[in-house]
Every structure is written in C-alpha cells, then in structure tokens.
**Student:** 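Sending over a structure as structure tokens; questions will come in a sec.
We name chains A, B, ... by the order of the sequence lines, and we start the count at 1 in each one.
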2 protein chains.
Amino acid sequence: MAGAPREREESLDVIQRELTAFARRARAAAARLHPDLPLVSYTLLAHIDHRQGCRATDLAAHYMLDKSTVSRQVATLEKLGLVERHPDPDDHRIQVLHPTTAGVRALASTQASRRAAYRERLGEWTADDLARFAEYLLRYNATGDGTDPR
Amino acid sequence: MAGAPREREESLDVIQRELTAFARRARAAAARLHPDLPLVSYTLLAHIDHRQGCRATDLAAHYMLDKSTVSRQVATLEKLGLVERHPDPDDHRIQVLHPTTAGVRALASTQASRRAAYRERLGEWTADDLARFAEYLLRYNATGDGTDPR
DNA sequence: AAAGTTAGTTGTATGCTACAACGAATAGGG
DNA sequence: CCCTATTCGTTGTAGCATACAACTAACTTT
C-alpha cells in the first residue's frame, strides 16, 4: 500500500469533489426540470416504476431514507393520484406500490424533458464513453452500501 | 438523429438513474461521515479552501444555490469559527472568505475519513479506471451549466 | 398464547432551500 | 457632481425533506 501511486489519491480527490459538486447541484437542477412534481417524489415514483411494484421499505433501503420519510412521500404521491397501494395478499403489513396510469404518464413526460437535458449535456460524448461512464457509475453505486442486493 | 444507436439512450438512462440514486444517498452518506460539521457547510468550507479565498457569490454560482442560502451557511461557518471574512479593500461590498486554522484542521480530519471511505469503496479499481472515472465526472460537471467559467 | 420482529404511520424538531424585500457599496451617465 | 443601474450581501418568511422516537397492526417464533 506504500508504493501505490499518488495518482490514485489525486483521482480519488477529483472523484470526491466532483461527485459532491454534482450532488449539491442536483437538487436545483431537478427542480428546474420538473417544477410540478414534488422533486423527491419524482425519484421515488421513477424507482417504483423501474421495479414494477415495490414496498416502501425497499425505497427506504435503496435511497438510504428513513421509513417515515418514505411514508410521507408515498402519501403525497398517492394524494396526487400517481401511485396506488395494493395490500399484499400474503402479508397484510405490506403494501405493494404501483404507478397509476397518471403516474406513468407524468413520469413519461418528465422523463422526456429530463432525457433531453441529458442528451444536450452529453451530446458530444461518444457512445463508447457513455457506456463506460454508465458502467463506472453502476459499479460505484453497487459497491458502496447494502442498499439492495441486486 | 434517427439513426443514433439505441445504446446511447440506454447509457443515458443508466447514467441518469445512477446519478440520481447517488445524489439521493449522498446526504445520508455525508451525514454519517461528519456528523459534527453541518454537512452543507462542509461542502462550502471545502470549496473555500480549495480556491483559496472566494466570495459568497462564487459559492452560490458554483453550487447553484441562492445567495441567501450561502449567506446563512457562511454565517454558520463563521459562528463555528471555521471561516473568516475579510472585506475586500478595493470593493467594500465584497467579503473574501478564508478558512481559519480551525477550519483547515476540521477539514483535514473530515477529509481523512472521507478519503478513507472512498478508498475502501474504490479500492478494487485500477488506477486507470479511477483516472477515467474522474475525467468523466470532470467533463460531465464542466459541460452542464455556467456555474463557473474555469 | 406471549414475546419478538417487521411494515408502516404520526408527532415533533431541524436543516436546507428559495423568493422577495431590503441595505450598502460601486459604477455610469448626464 | 447628482441620479440611476447594478452588484453583494442580509433578513423575513415559508416550504420541502429529513430524522428520530413512539406507536399500531400484522406476522413469526417458541
């Protein structure tokens, strides 16, 4: 570990700094993209949609949020008519979450403008670089925490 | 635009999803890393340190924050004795921000544990991958917004 | 059946943020 | 030299997101 090149440290610092900067800006950027949808709720809705049908606990684990936070966010989403809860027939504690038709629609429209923003931002990148960047991010996020096994 | 490979779209989606997930988790992760330092303030302090001496406006631009937000955060940092304000002799509106000795110290200790966390998370990565990941992040952040010119 | 565990909700407090209205300092015309 | 931008920063106010703790309901284990 002594001989490890100093370049690694530098790369780590850059990664750390840039990820932080990104995280910091993300809120503002997201708010600009979909001023209508309550922002965080959008994220949760997207995740609910991505894995068709998931529990509140899954959301909490995936995003490292307290269950109370998720509970309120889901309540908001439900009030907006974007998400439905179906009690699990096998276990009445569990509510399985699904996007409603309106939810899917809202998601699609937001997704579109969001994708456009990304496309503009990453338009110059080669498909190769995009693929590698995506792979790095996946690897980075997968490593970290026990968020969810798969 | 029609012939653009669908792979690009997929990569974009992955990038979007993973960056979002990261941003979402970042708060919780950061809170774990330095429970003492008010979290956001840490970020600002790091930036103040990184560019030796900057104005509140610079911080706001860099992180896409409202000046009022920065004002309060800086006030907090000052109250904690981590940052000093020096009025610019040429322009009395401007306050140049500098970390205090305590600020540098706090930053160093946090930086250390933070770096350790990153090192653990990215320990398996080759130096090459790290460098490329860092470069992608730099490129990504640089492109986006008029945060700051350089 | 009693004790323990898991899913989710609600009460409460706090942090971070934006927007708007303001004060102070400077810069640019007439 | 005043009068009007413009720029930098603060304070008032309000809202969202979040955590922690206490609680209910439902399942599980012994």
**Student:** If you pin Arg55(A) and Leu65(B) to their nearest nucleotides in DNA chain C, which one's is more 5'?
**Tutor:** Arg55(A)

**Student:** Between dT6(C) atom C1' and Ile94(A) atom CD1, what is the distance in whole Å?
**Tutor:** 9 Å

**Student:** So which of residues 72-93 of chain B are in contact with DNA chain D, with a heavy-atom cut-off of under 4.0 Å?
**Tutor:**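 Nucleic-acid contacts, sorted: Arg72(B), Arg85(B), Arg93(B).
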
**Student:** So, does Arg115(A) use its side chain to make a donor-acceptor pair with the main chain of Asp13(B) at under 3.5 Å?
**Tutor:**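 Not confirmed, Arg115(A) side chain does not pair with Asp13(B) backbone.
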
**Student:** Go through the steps for Asp129(B) and Arg139(A) under the test salt bridge (Lys or Arg N to Asp or Glu O under 4.0 Å), then give the verdict.
**Tutor:** CA-CA 11 Å; Asp129(B) 280 341; Arg139(A) 179 138 58 115; 2.9 Å; yes

**Student:** How long is the line joining CG of Asp66(A) and C1' of dA21(D), in whole Å?
**Tutor:** 10 Å

**Student:** side-chain contact (heavy atoms from CB on, under 4.5 Å) between Thr20(B) and Tyr42(A): does it pass, once the steps are laid out?
**Tutor:** CA-CA 11 Å; Thr20(B) 302; Tyr42(A) 167 79; 5.8 Å; no

**Student:** Would you classify Thr69(A) as touching base, sugar-phosphate or nothing, given that sugar-phosphate means primed atoms plus P, OP1 and OP2, and contacts are heavy atoms under 4.0 Å?
**Tutor:**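 Base contact.
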
**Student:** If pairing requires Watson-Crick or G-U wobble contacts with both distances under 3.5 Å, which nucleotide is the partner of dA19(D)?
**Tutor:**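 Partner of dA19(D): dT12(C).
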
**Student:** So which nucleotide does dG12(D) pair with, by the Watson-Crick or G-U wobble rule with both distances under 3.5 Å?
**Tutor:** dC19(C)

**Student:** Please give, in whole Å, the distance from dC16(C) P to Tyr63(B) OH?
**Tutor:**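 It works out to 14 Å between those atoms.
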
**Student:** Please determine whether side-chain contact (heavy atoms from CB on, under 4.5 Å) holds for the pair Leu59(A) and Leu65(A), giving the CA-CA distance in whole Å, both sets of side-chain angles, and the decisive distance to 0.1 Å.
**Tutor:** CA-CA 8 Å; Leu59(A) 294 174; Leu65(A) 293 172; over 6 Å; no

**Student:** Leu59(B) CG to dT10(D) P: how many Å, rounded?
**Tutor:** 11 Å

**Student:** Between the main-chain N or O of Arg105(B) and the side-chain N or O of Ser109(B), is there a donor-acceptor pair closer than 3.5 Å?
**Tutor:**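 Between the backbone of Arg105(B) and the side chain of Ser109(B) there is no qualifying donor-acceptor contact (under 3.5 Å).
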
**Student:** Go through the steps for Leu122(A) and Leu12(B) under the test side-chain contact (heavy atoms from CB on, under 4.5 Å), then give the verdict.
**Tutor:** CA-CA 8 Å; Leu122(A) 300 172; Leu12(B) 285 178; 3.4 Å; yes

**Student:** Can you tell me the distance, in whole Å, between the CE atom of Met64(B) and the P atom of dA18(C)?
**Tutor:**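 Atom-to-atom, Met64(B) to dA18(C), this comes out as 10 Å.
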
**Student:** Between Arg8(A) (side chain) and Trp125(B) (backbone), is there a donor-acceptor pair under 3.5 Å?
**Tutor:** yes

**Student:** Which sits closer to the 5' end of DNA chain D, Ser71(B) or Ser41(A), going by the nucleotide each is nearest to?
**Tutor:**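 Between the two, 5'-proximity favours Ser71(B).
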
**Student:** Kindly label the base of dA5(D) as syn or anti, based on whether its glycosidic torsion lies within 90° of 0.
**Tutor:** syn

**Student:** Can you tell me the distance, in whole Å, between the NZ atom of Lys67(B) and the C1' atom of dT10(D)?
**Tutor:**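 Atom-to-atom, Lys67(B) to dT10(D), this comes out as 9 Å.
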
**Student:** Could you check whether Ser68(A) gets within reach of a base, just the sugar-phosphate, or nothing at all, counting any heavy atom under 4.0 Å?
**Tutor:**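 Touches a base.
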
**Student:** Report the distance from atom CZ of Arg27(B) to atom P of dT14(C), rounded to the nearest whole Å.
**Tutor:**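 Whole-Å distance recorded here is 16 Å.
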
**Student:** Could you tell me the separation between the OH atom of Tyr42(A) and the C1' atom of dC16(D), rounded to a whole number of Å?
**Tutor:** 19 Å

